[in-house]
Chemist: 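Handing you a structure now.
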Amino acid sequence: MSVIRIALPVPLRQSFDYLLPAGIEVQVGCRVRVPFGKRALVGIVWQLQPADAFAEDALKPIIEPLDAAPVLSEHLCQLLSFAADYYHHPLGEVLISAIPALLREGKPLPTGQSLSYQLTQAGETTAEADLKRAPKQLALWQQLQQGALAADSITSEQRPALRALLQKQLVTAIEVPFAPYPALTAASAGLKLTTDQALAVSAIVQAQGRFQPFLLEGITGSGKTEVYLQSIAPLLAQGQQVLVLVPEIGLTPQTLARFADRFAVPVLSWHSGLTDTERLGCWQQAATGSAAIVIGTRSALFLRFARLGLIVVDEEHDASLKQQDGFRYHARDLAIKRAALEQCPVVLGSATPSLESLHNALQGRFQLLTLSSRASGQQLPTLELINLQQQPVQFGLANTTIQQIKHTLQQGFQVMLFLNRRGFAPALSCQECGWVADCQRCDASMTWHKSDRQLNCHHCGSSRPVPRQCGHCGSTRLVPLGQGTEQLEAQLQPMFPDYPVVRLDRDSTRRKGSLAEALHQITQGGPQLIVGTQMLAKGHHFPQVTLVVIVDVDGALFSSDFRAPEQLAQLITQVAGRAGRARHAGKVLLQSRYPDHGMLQDILHNGYDSFARLALTERQQTLLPPYQFLALFRAESHQDELPRQWLQQLVELVQTEAPEVQLLGPIRAPLERKAGKYRWQLHCYSASRSGLHQLLNQLIAASQSWPLTRKLRWQLDVDPVDLS
DNA sequence: GTAAAAGAAGGC
DNA sequence: CCTTCTTTTACT
């Protein structure tokens, strides 16, 4: 009997030791089932024969080992251990989040086989004439003559034909073991590169086999994807694997097709839409080396790879790379760590790099690769500020804006209107007394969704019918306050009756397939108006749009979040990248009531690059990230006083233990009450990363013995992206 | 996090 | 003295 240490998926910052009965072999990274209180849990073996084991007579034996070989590789264990420390999240929960749900539940790892179909002997020898009357079957039969087909490559239209062929015993199901994909032999035909692109590709290719982070800064249309593709090609020729991380909304069929069409190797996608079985299949294909390229959202970073040769983080500035609940990791930052462990290059790509990455590049930690011209030779769109205070405004659109929309449509092009507020109106108000329909549980107004005939709270998800009377004075004169996409769509239609208006937001695309439908209608072309939220700014490419209107840029100008200017500059630049086509330069109209605002002027005249460098000096002067490290404690409770008191206890501890750490708080969260809970924050700034983390460990350890800690919910966000 | 034990509050 | 709800504690 020996003792092993197991990481268990419980929110406890401690490890648990168990007895390993003689004769049972396990390794670090293997799953085991163990008794835990009255239940049985699946845990990960973390240490064999720990030196400081728990009293041996109090140990229970494990129930059963679940793996013959580790499910987590050594590199992954190191990465996850680092991440658990860095983000101060319980190790067991971090480890378990890195394996597919089916493995988490203790299901056995399929023996590395995938289902395929191949012709039987009868099938090989059967004559074409026999299938003449069944064209679907004939087509499938002909396809199978080229070789076996994987079960997941069979389309739903082919299923009936397959069933028929199986019945006739012309086809049989076989289990094919996952094997490393065959290395690419034929050179793929890439596009001709610009000088910038060629330099970038050669730098990345030369970094093969060693750790080297790159920041690929390329204006939209400069051909970043082509750089990825051509950097990948030599790796595929060596049978290496590539991981491409993309923002949640950026994983479109077009992105996938771009990679799949170029190389004759297996390209897999990893995203939240997969079923548990699909996820396990994908996980295994990455782990066995049978997948060559995996394109996925942030959690793909924790996939196991047999021979990882390169990591690409596309749109590295995108906030969706940071997990916003539970284990709050940043996939971009951990991608750097992973590349260091795997000894491979990592490419962060963006038209609008985050200030963090730009800072790293300027400090020489990342090699900066710049693509400064558009590959198509196409002109950059022009930006124009529209002053909302100096001219008549109709439905939130200035006269000049309306004129330019009309002009663009008449020329046969498309217009995109960007408004980051869904619903009909963000509030419903009483004209007599000024009362606003509030959410009962949040400190916010409810959004009027006219077509659903209800009020929705966008913060807690609650809804109620639209009131007929004012909740305060009883008046029936209730009017919408402000404008959402639903309203803009309704107002544009009568204004431009000859052109279709398409709306793209979470509400209009809720029905399955409706997004694809809308995208189809847009790419089919013809002049039309496209209204939408940030779905428009990311991922999709609309080649016929030559005019983009940002209906309201002012929201971000006076935000308390120090990242708001950066995010607005990124949005403007990203949206601008959607405008214009080969021979028609695009135009972006920024509607503002404060057109003289310094930041708008700077973006307008000098572009994102200049804005970003200026913003960095500002961050340096104000001692904000990336010049200082930030950690954010959040606490919430139904009682208003508790979170503030708890955070105040932290403050007192910091003042004695680490007086050099600067604090802001306890302050109320921007949305002070959400879903009935009062929310408070404490911001901790430090010039020393290690000093800050040491302090955080001390704070967490100390707080565990405070009675208050059990009376509220708290969380720690390291390097927060969203301060709300 | 779950589950059970311990404690507090209320009914008769 | 019993039930029911809330709080505390253990979990290897």
Chemist: With distance as the sole criterion, is a donor-acceptor pair present between the side chains of A:Ser15 and A:Arg5 under 3.5 Å?
Modeler: yes
Chemist: Using a strict heavy-atom distance below 4.0 Å, which residues from residues 94-104 of chain A are in contact with DNA chain C?
Modeler: none
Chemist: Does any residue of residues 55-65 of chain A have a heavy atom under 4.0 Å from DNA chain B, and if so, which ones, in number order?
Modeler: none
Chemist: Is there a donor-acceptor contact under 3.5 Å linking the side chains of A:Gln454 and A:Arg464?
Modeler: no
Chemist: For A:Leu12, report the nucleic acid contact type (base, sugar-phosphate, nothing); a contact means any heavy atom under 4.0 Å.
Modeler: base
Chemist: Give me the one residue out of A:Val654, A:Thr709, A:Leu708, A:Leu699 that meets side chain to side chain contact (heavy atoms under 4.5 Å, CB included) with A:Gln649.
Modeler: A:Leu708
Chemist: Any chance the side chains of A:Thr297 and A:Trp270 put a donor and an acceptor closer than 3.5 Å?
Modeler: no
Chemist: Looking only at side-chain N and O atoms, does A:Asn697 offer a donor or acceptor that is under 3.5 Å from a partner on A:His88?
Modeler: yes
Chemist: Between protein and nucleotides 7-10 of chain C, what N or O pairs are separated by less than 3.5 Å?
Modeler:
residue: C:dT9; atom: OP2; partner: A:Arg710; partner atom: NH1; Å: 3.1

Chemist: Does either side chain, that of A:Ser686 or that of A:Glu660, offer a donor lying less than 3.5 Å from an acceptor on the other one?
Modeler: no
Chemist: Check the angle between the aromatic planes of A:Phe302 and A:Phe327 and answer parallel, tilted or perpendicular using the 30° and 60° thresholds.
Modeler: parallel
Chemist: Using whole Å, what does the distance between atom P of nucleotide C:dT12 and atom CZ of A:Arg33 come to?
Modeler: 17 Å
Chemist: Will you find, in the side chains of A:Asp719 and A:Tyr86, an N or O donor that is under 3.5 Å from an N or O acceptor?
Modeler: yes
Chemist: C:dT12 base stacked by A:Phe16? Criteria: ring centres under 5.5 Å, plane angle under 30°.
Modeler: no
Chemist: Establish, from distance only, whether the side-chain atoms of A:Gln694 and A:Gln698 form a donor-acceptor pair under 3.5 Å.
Modeler: no
Chemist: Does the side chain of A:Trp680 pick up a donor-acceptor pair with the side chain of A:Asp640 at under 3.5 Å?
Modeler: yes
Chemist: Tell me which pairs pass salt bridge (charged side-chain N to carboxylate O under 4.0 Å, His left out) where either residue lies in residues 64-84 of chain A, with sequence neighbours left out.
Modeler: A:Arg31-A:Asp67, A:Arg33-A:Glu64
Chemist: Just by distance, with hydrogens left out, do A:Arg422 and A:Ser508 show a side-chain donor and acceptor under 3.5 Å apart?
Modeler: no
Chemist: Looking only at the side chains, is there a donor atom on one of A:Gln715 and A:Glu636 sitting less than 3.5 Å from an acceptor on the other?
Modeler: no
Chemist: Do the side-chain N and O atoms of A:Asp561 and A:Ser559 include a donor-acceptor pair separated by under 3.5 angstrom?
Modeler: no
Chemist: Expected output is a numbered-order residue list: members of residues 34-45 of chain A with a heavy atom under 4.0 Å from any atom of DNA chain B. What is it?
Modeler: A:Phe36, A:Lys38, A:Arg39
Chemist: Regarding A:Arg713, tell me which of base, sugar-phosphate or nothing describes its non-hydrogen contacts under 4.0 Å with the strands shown.
Modeler: sugar-phosphate
Chemist: Taking any atom closer than 4.0 angstrom to a non-hydrogen atom of chain A, what span of DNA chain B does the protein reach, first nucleotide to last?
Modeler: B:dG1 to B:dA4
Chemist: Indicate the atoms forming the closest heavy-atom contact of A:Trp283 with A:Val71, along with that distance.
Modeler: CZ2-O, 3.3 Å
Chemist: How would you label the contact of A:Gln14 with the nucleic acid (heavy atoms, under 4.0 Å): base, sugar-phosphate, or nothing?
Modeler: base
